[in-house]
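Below you'll find the structure, written out as C-alpha cells, and then a few comments.
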Amino acid sequence: MTDNNYFKFSNSVLLVPIIAVLSIWTVYWVELQFKINFNNFGVYPRTLSGLKGILFSPFIHGSLKHLYSNTLPLVVLSAALVYFYKPVAFKVLFYGTIFSGVITWIIGRPSYHIGASGVIYLLASFIFFKGVFAKHFRLIALSLFVVFVYGSMLWYILPIKEGISWEGHLGGFVTGLVFAYFLKADIPKPKKYAWEEDNYNEDADEFLRHFDENGNFIESKPEDEPELDTTSPSPINITYHFKKKTEE
C-alpha cells in the first residue's frame with residue numbers, strides 16, 4: 001500500500017468530529033433547556049451505579065467553560081485520528097473510551113467524573129505514541145504537532161489542580177499508550193532508497209563510481225567507438241564504370 005492510497009480524505013474525517021461536537025453540545029443544551037443535571041450519569045468510582053458513566057460521562061459537562069475547553073481539541077484530534085488512522089479509528093474511539101472509563105472507575109476519587117477530557121487524552125496519547133512507534137515521517141510530524149499544541153496537557157494527568165479529574169486524564173493517557181503499542185494498523189512503510197537496503201553494494205553503484213577515494217568527482221570517459229569489421233563482405237556492391245574520353 002502506498003502513501004497516496006492510504007492518506008486519503010473521506011467524509012468521515014468531517015462527520016466524526018461534527019457528530020462528537022453536536023453530541024456534547026446537545027446534551028448541555030438539554031440540561032439548560034429543561035433544567036436537568038446529568039452529573040449523576042458520570043463515572044462514580046467503585047460503585048455499580050457509577051459504571052454507567054463509562055459510556056455516558058464523555059457527553060456530560062459541568063459548565064460552559066468546561067464545554068468550550070473540550071470542543072476544539074476534540075475536533076482536531078478526532079479528525080486527525082480518522083484521517084491518519086482510519087482502519088483503527090473507531091476501535092480507538094469506542095474501546096478506548098471504555099477502557100479509560102474503567103481505569104477512572106478503579107482509581108478515581110469518590111466523586112462524579114464527567115467530561116470528554118478523558119477521550120481527548122486518549123486521542124492525544126494514541127496519536128503521539130503511534131507516530132513514534134510507526135516511524136513514518138508523516139505520522140512522526142503529526143506526533144510533533146500534538147506535542148507542540150497539546151504538550152502542556154501532560155501536567156494534568158497529575159493531581160495539580162483541584163476540581164479536575166486527573167484520574168480520567170491519566171486513564172485516557174495510559175489507554176492511548178497501550179492501544180498505540182498493541183493495536184496494529186496497516187500503515188504504509190516509507191519508501192527506502194537503494195543505499196538504505198541491507199544488501200546495498202557501494203561498488204556496484206553507478207553514481208558512486210564517479211567519485212574517487214578522496215571524494216573528487218570523475219567525469220565518465222566516452223565509450224570507444226566500435227571498430228568496423230573489414231573482414232566481412234559488404235552487403236552493398238558498388239560498380240564503377242570508367243569511360244575514357246576520346247580526343248577530337
Side-chain angles (χ1 to χ4, degrees), residues 14-47 49-82 89 92-128 145-177 179:
L14 295 177
L15 288 176
V16 172
I18 290 174
I19 293 173
V21 171
L22 284 178
S23 299
I24 62 178
W25 277 87
T26 300
V27 171
Y28 189 75
W29 177 84
V30 170
E31 285 187 296
L32 294 180
Q33 186 71 18
F34 298 98
K35 295 180 173 57
I36 305 173
N37 192 335
F38 289 145
N39 285 3
N40 57 339
F41 283 88
V43 175
Y44 200 94
R46 296 174 297 280
T47 63
S49 60
L51 285 173
K52 62 180 179 293
I54 294 175
L55 291 177
F56 297 130
S57 63
F59 302 98
I60 307 168
H61 292 80
S63 65
L64 191 60
K65 180 182 178 181
H66 189 198
L67 188 62
Y68 270 126
S69 64
N70 284 342
T71 297
L72 184 58
L74 187 62
V75 170
V76 174
L77 294 174
S78 60
L81 176 73
V82 176
V92 173
L93 280 173
F94 182 73
Y95 294 109
T97 300
I98 292 177
F99 277 95
S100 60
V102 170
I103 294 175
T104 306
W105 184 83
I106 294 173
I107 68 173
R109 294 160 292 172
S111 177
Y112 286 107
H113 298 257
I114 59 175
S117 302
V119 178
I120 293 172
Y121 275 80
L122 161 72
L123 298 179
S125 176
F126 177 83
I127 291 173
F128 171 75
F145 169 79
V146 170
V147 170
F148 179 76
V149 178
Y150 301 110
S152 60
M153 296 193 316
L154 184 64
W155 295 106
Y156 294 98
I157 65 175
L158 303 173
I160 62 174
K161 188 174 182 180
E162 189 176 355
I164 294 180
S165 176
W166 64 269
E167 300 94 333
H169 299 171
L170 180 61
F173 182 84
V174 172
T175 303
L177 171 59
F179 274 44

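Note that these values count all heavy atoms, side chains included, but never hydrogens, waters or copies made by symmetry.
- Side-chain contact, Trp25 with Thr71: a donor N or O sits under 3.5 Å from an acceptor N or O.
- In this structure, Val27 and Ser23 have side chains that are not in contact, with every pair of non-hydrogen atoms separated by 4.5 Å or more.
- Note that OG of Ser165 is 12.5 Å distant from CD1 of Ile157, once rounded to the nearest 0.5 Å.
- For the pair Phe38/Val30, a side-chain contact is recorded, criterion being any heavy-atom separation below 4.5 Å from C-beta on.
- Residues Tyr156 and Tyr121 keep their aromatic ring centres 6.0 Å or farther apart.
- Separation of the Tyr44 and Tyr112 ring centroids falls under the 6.0 Å cut-off.
- Between the side chain of Trp105 and the backbone N or O of Thr47, at least one donor-acceptor pair lies under 3.5 Å.
- Looking at heavy atoms from C-beta onward, Trp166 lies out of side-chain contact with Ile160 at the 4.5 angstrom threshold.
- For the pair Val16/Leu81, no side-chain contact is recorded, criterion being any heavy-atom separation below 4.5 Å from C-beta on.
- Inter-residue side-chain proximity for His61 and Ile24 is flagged as met; some heavy-atom pair is nearer than 4.5 Å.
- Looking at residues two or more places apart in sequence or on another chain, you find a salt bridge (Lys or Arg N to Asp or Glu O under 4.0 Å) between Arg109 and Glu167.
- To the nearest 0.5 Å, atoms OG1 (Thr26) and OH (Tyr28) are separated by 13.5 Å.
- In this structure, the separation between CD1 on Ile164 and CG on Leu158 is 11.5 Å, given to the nearest 0.5 Å.
- Contact check for Glu31 versus Asn37: side-chain heavy atoms found under the 4.5 Å cut-off.
- Remark: side-chain polar atoms of Ser125 are paired, donor with acceptor, to backbone N or O of Phe173 under 3.5 angstrom.
- When all heavy atoms are compared, the tightest approach of Gly53 to Pro58 is O-CD, 4.1 Å.
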Exercise. Take Phe41 and Phe59 through the test side-chain contact (heavy atoms from CB on, under 4.5 Å) and record every step on the way to the result.
Key: CA-CA 10 Å; Phe41 283 88; Phe59 302 98; over 6 Å; no
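- Distance CD1/Ile127 to CG/Leu122: 9.0 Å, rounded to 0.5 Å.
- In this structure, Ile54 CD1 and Thr97 OG1 are separated by 11.0 Å, a value rounded to the nearest 0.5 Å.
- Within 6.0 Å of OH on Tyr150 lie more than 12 heavy atoms contributed by other residues, nucleotides or ligands.
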Self-check item: Step-by-step side-chain contact (heavy atoms from CB on, under 4.5 Å) determination, His169 to Thr104
Solution: CA-CA 8 Å; His169 299 171; Thr104 306; over 6 Å; no
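- In plain terms, the two heavy atoms of Gly171 and Thr175 that are nearest each other are O-OG1, 2.7 Å.
- Side-chain contact between Leu123 and Val76 is absent, with no heavy-atom pair separated by less than 4.5 Å.
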Quiz item: Stepwise, does the side-chain contact (heavy atoms from CB on, under 4.5 Å) test hold for Asn70 with Ser117?
Solution: CA-CA 6 Å; Asn70 284 342; Ser117 302; 3.3 Å; yes
Exercise. Any chance you could lay out the side-chain contact (heavy atoms from CB on, under 4.5 Å) test for Leu51 and Val43, step after step, and finish with the verdict?
Key: CA-CA 6 Å; Leu51 285 173; Val43 175; over 6 Å; no
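- For the pair Pro45/Ile107, no side-chain contact is recorded, criterion being any heavy-atom separation below 4.5 Å from C-beta on.
- A distance of 11.5 Å separates CD1 of Ile120 from OG of Ser100, quoted to the nearest 0.5 Å.
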